[in-house]
Amino acid sequence: MYFEIEKITARETYNLLIGLVAPRPIALVTSMNEGGGLNAAPFSAYNYLCTDPPVVGIGVMNKPGGAFVPKDTARNIRRTGEFVVNVVTEDLAQQMNICATDFPEDVNELEMAKLVTSASQKVKVPRIQQAHAALECVEHATIEIGRSRIILGRVVAIYIEDKFVDLNGPYVKAEELHAIGRMNGLGSYVKTRDAFMTMPRISYEEWKKNER
Ligand SMILES: Cc1cc2nc3c(=O)[nH]c(=O)nc-3n(C[C@H](O)[C@H](O)[C@H](O)COP(=O)(O)O)c2cc1C
């Protein structure tokens, strides 16, 4: 099948694209409004984009419906310039899903999901205490594009629970962290447990030797 974007709806494009760009990591983003009210919501249009300097990107659509109303996360980040990406692992999956509910603006998703927070080191926005890892970010730029916003966040500090850090690198003990990823939007997710294979990079010299 072949789909020309101009001939299909935005919803159809969404369905197809998120099924193909998968699995995706999930950022459970905590943010704060001007009054100090906390917000938490998951985003899988998310990845790191570069590491020197360390920058992550998050794609946030407008609130559902025809009006151009930004989601609370995007509005908060524009107004207060900070956020925290909490890494979503298997044990946080249910709570993460509750945070995606379209609650009214004044409802604190963290309370609804029975999540508590811990102070961050470099930003005012707290991280989620139950999350095993979190990235403290300051807004680098928000790019408005059609009905969405792409938020670029500069990572200013990284929190990882000690037991998940291999000090040799340091590396993250990814086999033990059990992060989950989002698949095609039909409520399906992927576990990373047992999903590891090791494939060292090959140098050009090694490649030439093996070709002969
Ligand atoms: C796993 C998952 C991934 C999601 N990814 C995105 C995303 O990348 N972009 C987006 O706009 N909404 C995404 N959503 C929907 C938002 O989480 C949802 O609209 C949420 O209510 C927004 O909250 P806020 O208005 O408090 O920011 C996702 C939902 C789930 C469950």
Side-chain angles (χ1 to χ4, degrees), residues 9-49 55-115 117 125-128 130-131 134-135 137 139 142-153 178-192:
T9 64
R11 181 73 210 184
E12 287 165 338
T13 304
Y14 166 86
N15 288 347
L16 297 174
L17 208 50
I18 69 165
L20 294 175
V21 186
R24 293 179 304 288
I26 305 168
L28 181 51
V29 175
T30 38
S31 63
M32 201 182 246
N33 66 23
E34 308 93 306
L38 290 181
N39 189 88
F43 296 92
S44 66
Y46 158 68
N47 218 311
Y48 91 86
L49 300 176
V55 172
V56 293
I58 304 172
V60 183
M61 290 187 269
N62 278 337
K63 285 195 178 191
F68 274 74
V69 182
K71 290 188 183 178
D72 299 339
T73 300
R75 196 208 49 207
N76 286 351
I77 294 172
R78 206 61 281 281
R79 294 198 178 162
T80 59
E82 296 182 337
F83 62 99
V84 174
V85 169
N86 299 274
V87 174
V88 178
T89 46
E90 278 178 36
D91 51 346
L92 279 181
Q94 301 302 330
Q95 285 119 308
M96 175 279 294
N97 203 27
I98 293 171
C99 291
T101 304
D102 205 9
F103 291 117
E105 210 175 292
D106 53 343
V107 172
N108 180 340
E109 292 92 355
L110 292 160
E111 279 172 24
M112 297 300 111
K114 298 193 171 48
L115 290 166
T117 57
V125 179
R127 64 181 166 83
I128 293 171
Q130 290 99 322
L135 311 176
C137 301
E139 181 196 33
T142 292
I143 303 160
E144 202 165 326
I145 174 162
R147 296 177 180 278
S148 306
R149 284 161 191 78
I150 295 172
I151 298 166
L152 300 179
H178 300 154
I180 59 167
R182 197 179 192 209
M183 298 301 288
N184 62 3
L186 289 165
S188 54
Y189 293 84
V190 64
K191 291 181 181 179
T192 53

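Remember, it's 1-based here, ligands and their atoms both numbered in the order they're listed. Small disclaimer: the values here were computed from a predicted structure and weren't measured.
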Tabulate below the donor-acceptor pairs under 3.5 Å that side-chain atoms of residues 63-70 make, not counting sequence neighbours, or state none.
from	atom 1	to	atom 2	distance (Å)
K63	NZ	D72	OD1	2.9

Solution key, residues 93-102 side-chain donor-acceptor pairs under 3.5 Å, sequence neighbours excluded:
from	atom 1	to	atom 2	distance (Å)
T101	OG1	I98	O	2.9

Could you go through ligand 1 and list every pair where one of its N or O atoms sits under 3.5 Å from a protein N or O, giving the atom names and the distance to one decimal?
from	atom 1	to	atom 2	distance (Å)
ligand 1	5 (N)	S44	N	2.9
ligand 1	8 (O)	S44	N	3.1
ligand 1	8 (O)	A45	N	2.8
ligand 1	8 (O)	G59	O	3.4
ligand 1	9 (N)	G59	O	3.0
ligand 1	11 (O)	M61	N	2.8
ligand 1	11 (O)	K71	NZ	2.9
ligand 1	12 (N)	K71	NZ	2.9
ligand 1	14 (N)	P42	O	3.4
ligand 1	17 (O)	P42	O	2.7
ligand 1	19 (O)	K71	NZ	2.8
ligand 1	21 (O)	A100	O	3.2
ligand 1	25 (O)	D72	N	2.9
ligand 1	26 (O)	N39	OD1	3.0
ligand 1	26 (O)	N39	ND2	2.9
ligand 1	26 (O)	E109	OE2	3.3
ligand 1	27 (O)	D72	N	3.4
ligand 1	27 (O)	T73	N	2.9
ligand 1	27 (O)	T73	OG1	2.6

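- Using a 4.5 Å heavy-atom threshold, the side chains of Y46 and V29 count as separate.
- Inter-residue side-chain proximity for N39 and T73 is flagged as met; some heavy-atom pair is nearer than 4.5 Å.
- In this structure a side-chain-to-backbone donor-acceptor pair under 3.5 Å is missing from N86 to A131.
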Would you tabulate the side-chain donor-acceptor contacts of residues 10-21 under 3.5 Å, counting partners in other chains and residues two or more places apart, or write 'none'?
from	atom 1	to	atom 2	distance (Å)
E12	OE1	T9	N	2.9
E12	OE1	T9	OG1	3.3
T13	OG1	T9	O	3.0

